[in-house]
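Comments concern the structure below.
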Amino acid sequence: PWAGRGDYQDALHLLEETLTLSDRVGDVYVRTRALNTIGWIYGDLGNPATAADWNRRSRDEAAAAGFPDPEVECNARLNLGDNLMAMGLLEDAEQEFRHVVVIVVDPRPEQRNDIVRYSQHRHPSFGELLLARNETDAALDRANRCLAAAEEQGHLKNIVKARRLRGEVYMARGQLGQARNELYQARTIAAEVSNPPQLWRTLAAMGRLEETLANTEQARQRFDEGLRVLRSTAAKLTDDTLREALLASPDAQTLTTGADTAS
């Protein structure tokens, strides 16, 4: 819960202790989960290369351990795919996503335990990849499938991801009214979830939409609001390297450039 609400420094300290303890007692399952969670945190903090290293370790160690339930490996692959997309490596990302798709589409009985969450995660991640290729119909289908499942299960973070992806697809199509509706709903839920990256990324998308609509003041407000969320998160990081990396991340640059351009 600490990482989910943006208390990343406390979460990393606990995860470091978890790794030490799991190594001491030989608990490979806990170790691989901790590796993946650390990778997820670095991804949230705008350092996809470091995140990818941690997620690869989790993926590879979980696969080598041969757990009957591939939940850890699948989550690591999805996070790694997100990292690779952030680095512009779309084909490599697709390989990770497709590995998870094979399991989700035809799982063995022992593979069904926690399939719901990572099944949802694959949709917006794959959808963002498809949108980057301008395959808007396929991207929208992924967003819709994620939204339906997430609303049924009450997984708010995935609802945010799905609605933001829908908004971005509609923007790409020039359907700006529909884009506005989706993004404003995503912002409301993101504020409720209190996961900072989901909020600032949604606000960045809203800023781009307002720019497209030539609503300069509204665009500046959305970019400024997102930048305040990001900087507030950075201010809680006691590790200078982590803080500086977040403040120099692509998300920070997008928000800063957007705010300056709209001023």
Side-chain angles (χ1 to χ4, degrees), residues 1-4 8 11-12 14-130 132 142 145-146 149-150 153 155 157-158 161-162 165 195 197-198:
W2 284 347
Y8 295 112
L12 284 171
L14 179 60
L15 288 163
E16 289 165 2
E17 293 175 359
T18 300
L19 280 177
T20 299
L21 180 60
S22 63
D23 287 345
R24 185 183 305 153
V25 301
D27 192 329
V28 179
Y29 181 74
V30 170
R31 172 182 166 79
T32 54
R33 285 183 66 90
L35 292 171
N36 176 49
T37 306
I38 292 171
W40 166 53
I41 288 173
Y42 275 101
D44 268 10
L45 294 177
N47 192 334
T50 300
D53 289 340
W54 286 97
N55 286 318
R56 283 193 189 94
R57 290 170 63 187
S58 177
R59 177 200 65 185
D60 294 346
E61 291 186 25
F67 299 130
D69 184 350
E71 178 250 340
V72 175
E73 181 186 349
C74 286
N75 279 320
R77 285 184 179 277
L78 290 170
N79 287 338
L80 176 57
D82 290 340
N83 305 149
L84 294 168
M85 277 204 300
M87 297 160 67
L89 302 172
L90 300 188
E91 292 185 3
D92 292 340
E94 183 173 1
Q95 289 181 13
E96 300 298 332
F97 296 151
R98 290 201 178 279
H99 188 97
V100 177
V101 169
V102 170
I103 293 173
V104 170
V105 169
D106 188 23
R108 298 190 299 271
E110 68 273 16
Q111 296 177 327
R112 298 178 185 272
N113 290 343
D114 200 28
I115 204 167
V116 170
R117 282 192 181 273
Y118 64 79
S119 176
Q120 287 177 29
H121 180 174
R122 73 188 166 111
H123 286 310
S125 293
F126 215 150
E128 289 180 10
L129 186 151
L130 293 165
R142 292 286 178 175
R145 285 200 262 175
C146 179
Q153 298 292 327
H155 295 160
K157 183 177 175 181
N158 286 332
K161 289 182 177 182
L165 177 58
N195 179 246
Q198 295 308 317

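Across all non-hydrogen atoms, the minimal contact from Val28 to Ala65 is CG1-CB, 4.0 Å. When all heavy atoms of Ser58 and Asn36 are compared, the pair lying nearest together is OG-CB, 3.3 Å. Closest of all the heavy-atom pairs between Cys146 and Asn158 is SG-O, 3.6 Å. A pairwise comparison of heavy atoms in Val30 and Ser22 identifies CG1-CB, 4.1 Å as the closest pair. Considering all non-hydrogen atoms of both residues, Gly81 and Ala93 come closest at O-CB, 3.4 Å. Taking both residues in full, the closest heavy atoms of Ala3 and Asn195 are given as O-ND2, 4.1 Å, listed atom of the first, atom of the second, then distance.
How far CZ of Arg122 is from CZ of Arg145: 6.0 Å, rounded to the nearest 0.5 Å. To the nearest 0.5 Å, atoms CG (Asp69) and OH (Tyr29) are separated by 6.5 Å. Between atom CG of residue Leu35 and atom CG of residue Asn79 there is a gap of 12.0 Å, rounded to the nearest 0.5 Å. Note that CD of Glu71 and OG1 of Thr32 are 8.5 Å apart. Values are rounded to the nearest 0.5 Å. Between atom CG of residue Leu21 and atom CG of residue Leu14 there is a gap of 10.5 Å, rounded to the nearest 0.5 Å. In this structure, CE in Met85 is found 5.0 Å from CD in Glu128, a value given to the nearest 0.5 Å.
The list of ring-ring contact (aromatic ring centres under 6.0 Å, His included) pairs with a residue in residues 78-100, not counting sequence neighbours, reads Phe97-Phe126. Among residues at least two apart or in separate chains, salt bridge (charged side-chain N to carboxylate O under 4.0 Å, His left out) pairs with a member in residues 91-102 are Arg59-Glu96, Arg77-Glu96, Glu94-Arg98, Glu94-Arg133. Sorted by first and then second residue, the pairs that involve residues 37-55 and meet salt bridge (charged side-chain N to carboxylate O under 4.0 Å, His left out), not counting sequence neighbours, are Asp53-Arg56.
Contact check for Leu19 versus Ile38: side-chain heavy atoms found under the 4.5 Å cut-off. Contact of the Thr50 side chain with the Leu45 side chain is not registered, since no non-hydrogen atoms from C-beta on lie closer than 4.5 Å. When side chains are defined from C-beta on, Trp40 does not count as touching Asn75, because their heavy atoms never get closer than 4.5 Å.
For Ser125, the side chain to side chain donor-acceptor pair (under 3.5 Å) criterion is met by Asp82, His121, not counting sequence neighbours. A search for side chain to side chain donor-acceptor pair (under 3.5 Å) contacts involving Arg31 returns Asp23, Glu61, not counting sequence neighbours. Shown here are the side chain to side chain donor-acceptor pair (under 3.5 Å) partners of Arg57, two or more places apart in sequence or in another chain: there are none.
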